[in-house]
Amino acid sequence: MTRAKAGRRRQRGTIDRLPSGALRVRVYGGQDPVSGKRNTLVEVIEPGPRQEARAEAARTRLLNAVDEQRSPRTSATLDQLLDRYLETLDVGATTHRAYTRYLELHVRPFLGRTKAGAVGAEALDSLYAELRRCRDHCSGSAKRVDHRTSRDHECDDRCRPHRCRPLAPATIRHIHFVLNGAYSRGVRWRWVSVNPVEFVSPPAKPPPDPQPPSAGDAARLLNEAWRDLDWGALVWLFMTTGARRGELCALRWSNVDLESGTLTIRRAIAQDGRALQEKDTKTHQQRRLALDAETVEVLRDHRERCEERARALGVELRPEAFVFSLAPDGSASLVPGSVTQRYSRMAGRLGLDTHLHNLRHYSATELIAAGVDVRTVAGRLGHSGGGVTTLRVYAAWVSEADQRAASGLGSRMPERPAGPGSEMERVRRDPRSARERLAVELLERIQSGVVPEGGHLPGVKVLAAEQGLAPSTVHRAFELLREWGVLVGAAGERPTVVAPSVVVDRPVETALLEPAEREPARPAPAAEQAASYFTVVVRGPGGRRYPARVVTGSLIDPGTFRAHLLGIARMEDPEVTGGGDAWIGDYEIEVVPLASPNQPPMVFRW
């Protein structure tokens, strides 16, 4: 046969009779772009009435499909289609890694070697059913054991009998969308003729279930975080801004304007294994957030600490330095995974079942509960879609929109511990050594009156024998009390007890009462009637509580506390309280005798 006749025959297709009596129709479909081999379309016509006519009709149909470019040009497997799709997929590194892992674990072992065009809706439904049965794709053997590691080891209680756990519906939906994208590209590339994923329904989307920490839990988390001032500032910023983990890790001082009280989120840190990459935000948009006054102070204090550390080491804190960094010059960002792990460990110590992302839910729910409109909340959180996601997830908390976002959230934030840098307050909250525990115990003896003012503490040797400590430990505890102003006396002399003159932050939990609403005042002991030491707490507009302080005053003349209220309020709110004293009616002062810390507070207003 000449080459010209062979070419015409290839274009027309051939009809051959098989030994079984069936007719085989073959049409040349071009060269396979994947394997480079000849691509032939084949259809078999079984014996029966008008077999030849049906074979001719099949040949014509296949020829038309080739001419109209409706026929698949390749016999590639699903593995090859997925490989090609992942090469052309334009997503972030972490998203690409997640998609690749889903396919490696849950799709390729079952359908990877099947021709892409041969995968139908039934095969996909069976795959989804298997994923809903067991995420490990076990064979159903009752003797299977889930080992704690794949390396050689001695089994212990961590190696347990296998228990089937279904794959999460959200993960199955991710797999569904990846397969749908791959087959949609395959149809455009003419690798397959139809997209079978369109005929399969993924699992229903799980209902929104945000689980933000309560106000009490948020306060416990913040108090625990403030043990490390830098860590406390980071957790505080998570709560007030609702920013994503990677966004705060990528925050630089050039993005923070403390004068105007604004913060701009432009970039994010993405983690791919151990590699870190700075990229744009999840929604590829930057946003500008207003900060409340307390958050501005938190950032200002944090900035001062960073500058002090940099100066101590002889380095410079540049504007492009990261706000939160372990490097003294702020040249390296935090690792997002490490931030999550530290937060989880902190929550575990407090017995709370929560994770870092729940602080984002906390910010959103508190904003909406404060009356901020959903569109503003969506803008602060960086939700795309004009607030659709925010409304769908947080609709249960929607209220009227009548407050600004920053001030609304700032008024609902848990109280920041007063003076977190005070060493005495830190020791009293969390004594970490034998010296600190002894100093706190001796201070309690002095404040309770067991050791009167002007008296003496037991000797060093007596305390060492009583407490089972070394004399040097007792000496260092005395030095700590001298720093607090509780003991006086030169070295080598027996120290003398004096009245404490330090600032002590005591939580006041008793409800506030107007003077007219309180019960008739009981006669105060003589020690309380004269001028003495009191713990005072000033509250300003909106219930804002200022740090507690120790002052001198007299209950016989409550007016002695008016000067303290004026001084504290002017120091804390210089702009609000400037010019005249007309504003004093918006403030109140709580008074508790220092010698009776458990006594309900007395409240005075002017």
Side-chain angles (χ1 to χ4, degrees), residues 32-35 37 39 41-42 44 71-151 159-206 272-273:
D32 192 318
V34 178
S35 63
K37 299 179 180 180
N39 182 30
L41 308 181
V42 179
V44 177
S71 63
R73 297 189 301 147
T74 178
S75 56
T77 63
L78 180 58
D79 273 343
Q80 293 172 311
L81 175 60
L82 294 176
D83 290 339
R84 180 60 177 155
Y85 173 67
L86 292 175
E87 290 176 1
T88 60
L89 187 60
D90 183 18
V91 294
T94 53
T95 302
H96 194 282
R97 180 162 54 90
Y99 287 173
T100 301
R101 180 173 176 79
Y102 291 156
L103 297 175
E104 292 289 344
L105 293 178
H106 306 299
V107 177
R108 295 183 189 269
F110 295 97
L111 301 175
R113 297 183 179 181
T114 307
K115 288 185 177 182
V119 176
E122 182 181 0
L124 294 176
D125 281 331
S126 299
L127 173 64
Y128 293 171
E130 171 64 19
L131 299 181
R132 289 193 298 268
R133 184 188 69 83
C134 180
R135 65 175 64 187
D136 295 327
H137 316 303
C138 67
S139 59
S141 174
K143 297 182 179 180
R144 178 174 173 176
V145 176
D146 289 336
H147 293 281
R148 58 186 174 87
T149 178
S150 58
R151 295 177 294 182
C159 300
R160 301 177 180 178
H162 174 71
R163 179 172 58 89
C164 292
R165 295 180 301 161
L167 199 62
T171 305
I172 300 179
R173 290 177 62 87
H174 282 307
I175 295 173
H176 176 84
F177 296 139
V178 174
L179 290 174
N180 185 59
Y183 268 100
S184 296
R185 296 279 181 91
V187 171
R188 292 203 299 269
W189 299 335
R190 290 179 52 208
W191 284 31
V192 292
S193 55
V194 295
N195 179 3
V197 185
E198 295 179 350
F199 305 101
V200 181
S201 298
K205 181 178 296 185
D272 186 5

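The first residue of the sequence shown is numbered 1, and numbering continues consecutively from there.
- The salt bridge (Lys or Arg N to Asp or Glu O under 4.0 Å) analysis of residues 160-187, with sequence neighbours excluded, yields no pairs.
- Between the CD1 atom in Ile172 and the CZ atom in Phe177 there is a gap of 12.0 Å [rounded to 0.5 Å].
- Across all their heavy atoms, Pro169 and Ala204 have their closest contact at CB-O, 4.3 Å.
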Apply side chain to side chain contact (heavy atoms under 4.5 Å, CB included) to residues Leu167 and Ile175 and explain how you reach the verdict.
CA-CA 11 Å; Leu167 199 62; Ile175 295 173; 4.0 Å; yes
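- Contact record, Cys159 with Val145: C-CG1, 4.1 Å, taken as the closest heavy-atom pair.
- Taking each heavy atom of Pro166 and Arg135 in turn, the nearest pair found is O-NH2, 3.2 Å.
- Surrounding CZ of Arg97 are more than 12 heavy atoms belonging to other residues, nucleotides or ligands, all under 6.0 Å away.
- Taking the side chain as every heavy atom from C-beta outward, Val200 and Leu179 never approach each other to under 4.5 Å.
- Here CD of Glu130 is found 13.5 Å from CG of Asp125. Values are rounded to the nearest 0.5 Å.
- Closest heavy-atom contact between Ala121 and Phe199: CB-CB, 4.0 Å.
- Nearest heavy-atom pair, Thr114 versus Ala118, reported as atom, atom and distance to 0.1 Å: CG2-CB, 4.1 Å.
- Remark: Glu104 pairs with Arg108 by the salt bridge (charged side-chain N to carboxylate O under 4.0 Å, His left out) rule, at least two apart or across chains.
- Distance check, rounded to the nearest 0.5 Å: CZ of Arg113 to CG of Asp79 gives 8.0 Å.
- Formation of a donor-acceptor pair under 3.5 Å by the His174 side chain with backbone atoms of Tyr99 is not found in this model.
- Judged by the 6.0 Å distance and 45° axis criteria, Arg84 is not positioned over the aromatic ring of Trp191.
- With sequence neighbours excluded, no residue forms a side-chain hydrogen bond (donor to acceptor under 3.5 Å, both in side chains) with Asp136.
- With hydrogens and angles disregarded, a donor-acceptor distance shorter than 3.5 Å links the side chain of Gln80 to the backbone of Thr77.
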As a quick check of understanding, evaluate side chain to side chain contact (heavy atoms under 4.5 Å, CB included) for Thr88 and Trp189, giving each step before the final call.
CA-CA 12 Å; Thr88 60; Trp189 299 335; 3.9 Å; yes
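- Here the shortest heavy-atom pairing between His137 and His106 reads NE2-ND1, 2.9 Å.
- With Arg133 contributing its side chain and Cys138 its backbone, the two residues share a donor-acceptor pair below 3.5 Å.
- Between Val107 and Val178 there is no side-chain heavy-atom pair separated by less than 4.5 Å.
- Looking at heavy atoms from C-beta onward, Leu131 lies out of side-chain contact with Thr171 at the 4.5 angstrom threshold.
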Verdict with supporting geometry, Leu111 and Leu124, side chain to side chain contact (heavy atoms under 4.5 Å, CB included):
CA-CA 9 Å; Leu111 301 175; Leu124 294 176; 4.0 Å; yes
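- Using modelled atom types, one side-chain atom of Tyr183 and one backbone atom of Ala116 make a donor-acceptor pair closer than 3.5 Å.
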